[in-house]
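Remarks on the structure that follows.
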Protein chains: 2
Amino acid sequence: MPEAASKTRREKVEEKERAILAATRAVFRDKGPEDAKITAIAQAANLAEGTVYLYFKNKQALLMAAVSEFYAELTQDAEAAVRAAHETEGRLTALAQLHFSRVLDEWPLIAEAMGPYLPSPEYRETEAYALNRRYVAVFDGVIRDGVSRGEIRADVSVAVMRDAFYGGLEHFARSARLRDSLPDTQAEVAQFLTVFTAGIMDRPSAGVLDGARVIRRLQGVITDIEDQLRAGQQDDVEMQDGEGTQ
Amino acid sequence: MPEAASKTRREKVEEKERAILAATRAVFRDKGPEDAKITAIAQAANLAEGTVYLYFKNKQALLMAAVSEFYAELTQDAEAAVRAAHETEGRLTALAQLHFSRVLDEWPLIAEAMGPYLPSPEYRETEAYALNRRYVAVFDGVIRDGVSRGEIRADVSVAVMRDAFYGGLEHFARSARLRDSLPDTQAEVAQFLTVFTAGIMDRPSAGVLDGARVIRRLQGVITDIEDQLRAGQQDDVEMQDGEGTQ
DNA sequence: AGTATAGATGAATCAAGTTCATTTTTTTGG
DNA sequence: CCAAAAAAATGAACTTGATTCATCTATACT
């Protein structure tokens, strides 16, 4: 049994597997989940129904494999996007746009594949879970990096931020599907990010600062000055609405 | 055909409907979605399979009705919770806790019932959609009230906030289900709310202020003072890290 | 070419939802 | 109170889609 031949065989099998996965994703995308029967998938891959079962244990496994492929691709692109941007905000924006658009495309598949697992802890045993972990690890990395740079608050667990980020985006993608024609996605994602980053940032760019710190600083300066002034002139510095009301 | 008798009949029908819905929710809750076959539901309601179809067009309709009931109850409780609290933050906390715990309980049912509809816009025609609207209207009301009081920023659409809120919470509930034993829910929801409210508030309580405004104010004061000082003393006020680095 | 082995097929089986002819229960009128 | 009519309930039969498997076809090796 020669090495080369064995390798070729494995390659052929993997190629066919990928073909079936591609057919699956295509059927879900343009025929909808209702019509994503095994028959339709087999037909799209130019195979008989039974053949699909030579490559995948059952429909559930097939869908999971398709989702795994989806996450693997997504992870690649997410990593690339993060490498391309150098500040935290840009990275989060890129991740959000990417996640939103991809999930919007393949949501029916993802939902159908995940559905049966969501209520059970056995999902943690699946390959899709492992790949999902690797995917969100990209986000986690961005956050941790941001924390170490002092850009992101350290008093909230990454897990919570992650849930807020992806949960918000996915819910958002779902509502976007309902509002018939897709509206200005970029703009809406940007709005979402406004809220998210404002909540997460330690020293956000959007014109918000750490109030306690600023006030302490201000207080110090003013005391200094008052001292100085007391010694010199007599005019008093106007100092009213220190807390502000809008 | 007497009024009383007719009324009694309708009542009987509605009572049986409610019984079937209760059985459905019970089966989902304690036998899991896998085993929530029509047979099991019928059995739990002490009926033959066929009888279920006398009251609901098909399984899908049955599940939707169950979800509708769920949302109706949830809306009642949400309204009560909002009435009980008087400031925006307390109201949001109450809504979050309520949503989180309830959704955690009945997620399998909700997911299964919604699944088929999520990708399609025909969901908007369903009763469940209408009830969901009424439910989120409670949240919307809290937000709008908060905006009018100047507590919540007005530059982000309520829809975005809503998606961030419920999306984050639901994702969160899902991850909580995965982490085998449920951890300190209260505490985690509180963390989530920290992030969410910080993002949404106009003048958040957590020691954050509008930076641009503070800086403008500070600048003005300093210029004043510099003028004064120039005329009087000669000591200079130390003024370095104006932007701060953590 | 001839046999062995892997790969593919689609008819048969199975499972769950749905329908419907029949049976049981309830209502109504004499 | 009884019988006919109407309403409600039943479960066996049907339908649809996933899965299995006996059979067939193509490929590899001598």
Side-chain angles (χ1 to χ4, degrees), chain A residues 1-24 27-28 31-67 108-109 112-113 115-117, chain B residues 1-24 27-28 31-67 108-109 112-113 115-117:
Chain A
M1 52 190 78
E3 263 291 287
S6 157
K7 198 170 156 197
T8 304
R9 180 161 308 155
R10 186 199 306 280
E11 278 176 358
K12 262 186 188 164
V13 167
E14 285 180 358
E15 193 177 325
K16 189 145 264 179
E17 264 180 24
R18 276 197 301 278
I20 296 174
L21 292 178
T24 304
V27 168
F28 263 92
K31 300 188 101 172
E34 312 291 303
D35 295 322
K37 331 244 181 239
I38 287 289
T39 311
I41 291 169
Q43 208 160 26
N46 278 94
L47 294 170
E49 295 166 75
T51 309
V52 173
Y53 289 89
L54 296 177
Y55 293 87
F56 298 94
K57 192 172 147 288
N58 53 33
K59 193 180 184 182
Q60 178 57 28
L62 170 60
L63 298 192
M64 275 315 244
V67 169
L109 168 64
E112 189 125 327
Y117 282 115
Chain B
M1 51 190 75
E3 263 292 284
S6 156
K7 198 168 152 199
T8 305
R9 180 161 306 156
R10 185 198 309 281
E11 278 176 358
K12 263 186 188 162
V13 167
E14 286 179 358
E15 193 178 325
K16 191 146 262 179
E17 263 181 23
R18 277 195 300 278
I20 296 174
L21 292 179
T24 304
V27 168
F28 263 91
K31 300 189 98 174
E34 313 290 305
D35 295 321
K37 330 246 184 238
I38 286 289
T39 310
I41 292 169
Q43 207 159 27
N46 277 93
L47 293 171
E49 296 165 75
T51 310
V52 173
Y53 289 88
L54 263 31
Y55 292 88
F56 298 94
K57 193 173 147 286
N58 51 34
K59 192 181 186 183
Q60 178 56 28
L62 169 61
L63 298 192
M64 277 313 246
V67 169
L109 168 64
E112 188 124 328
Y117 281 115

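So that the names make sense, note that chain A is the first sequence line, chain B the second, and so on, each numbered from 1. Just so it is clear, the model here is predicted, and its values are computed rather than measured.
- Taking A/K37 as the reference, nothing meets the side-chain contact (heavy atoms from CB on, under 4.5 Å) condition, with sequence neighbours excluded.
- Contact check for A/L109 versus A/V67: side-chain heavy atoms found under the 4.5 Å cut-off.
- As rounded to whole Å, 10 Å separates atom P of C/dT9 from atom CD1 of A/I20.
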Do A/K16 and A/K12 pass the side-chain contact (heavy atoms from CB on, under 4.5 Å) test, and can you show the C-alpha distance, the side-chain angles, and the key distance before you say yes or no?
CA-CA 6 Å; A/K16 189 145 264 179; A/K12 262 186 188 164; over 6 Å; no
Kindly list each side-chain donor-acceptor pair under 3.5 angstrom involving residues 45-56 of chain B, sequence neighbours excluded, with atom names and distances?
residue: B/T51; atom: OG1; partner: B/A48; partner atom: O; Å: 3.4

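- Nucleic acid contact for B/F56: none, since no nucleic acid atom lies under 4.0 Å from a heavy atom of the residue.
- Not counting sequence neighbours, the partners of B/Q60 by the side-chain contact (heavy atoms from CB on, under 4.5 Å) test are B/N58, B/M64, B/P116, B/Y117.
- Between the NZ atom of A/K16 and the P atom of C/dG7 there is a distance of 10 Å, rounded to whole Å.
- Residues A/A36 and A/K59 approach most closely at O-NZ, 3.0 Å, considering heavy atoms.
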Base versus backbone protein contacts along nucleotides 11-21 of chain C [heavy-atom cut-off under 4.0 Å; B, S, -]:
-----SSBB--
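- The distance from atom CD1 of A/I41 to atom CD1 of A/I20, rounded to the nearest 0.5 Å, is 9.5 Å.
- Using a 4.0 Å cutoff on non-hydrogen atoms, the parts of residues 40-48 of chain B near DNA chain D are B/L47, B/A48, ordered by number.
- Smallest separation of non-hydrogen atoms from B/V27 and B/A44: CG2-CB, 3.7 Å.
- Separating the CD atom of B/E17 from the C1' atom of D/dA8 is a distance of 14 Å, rounded to the nearest angstrom.
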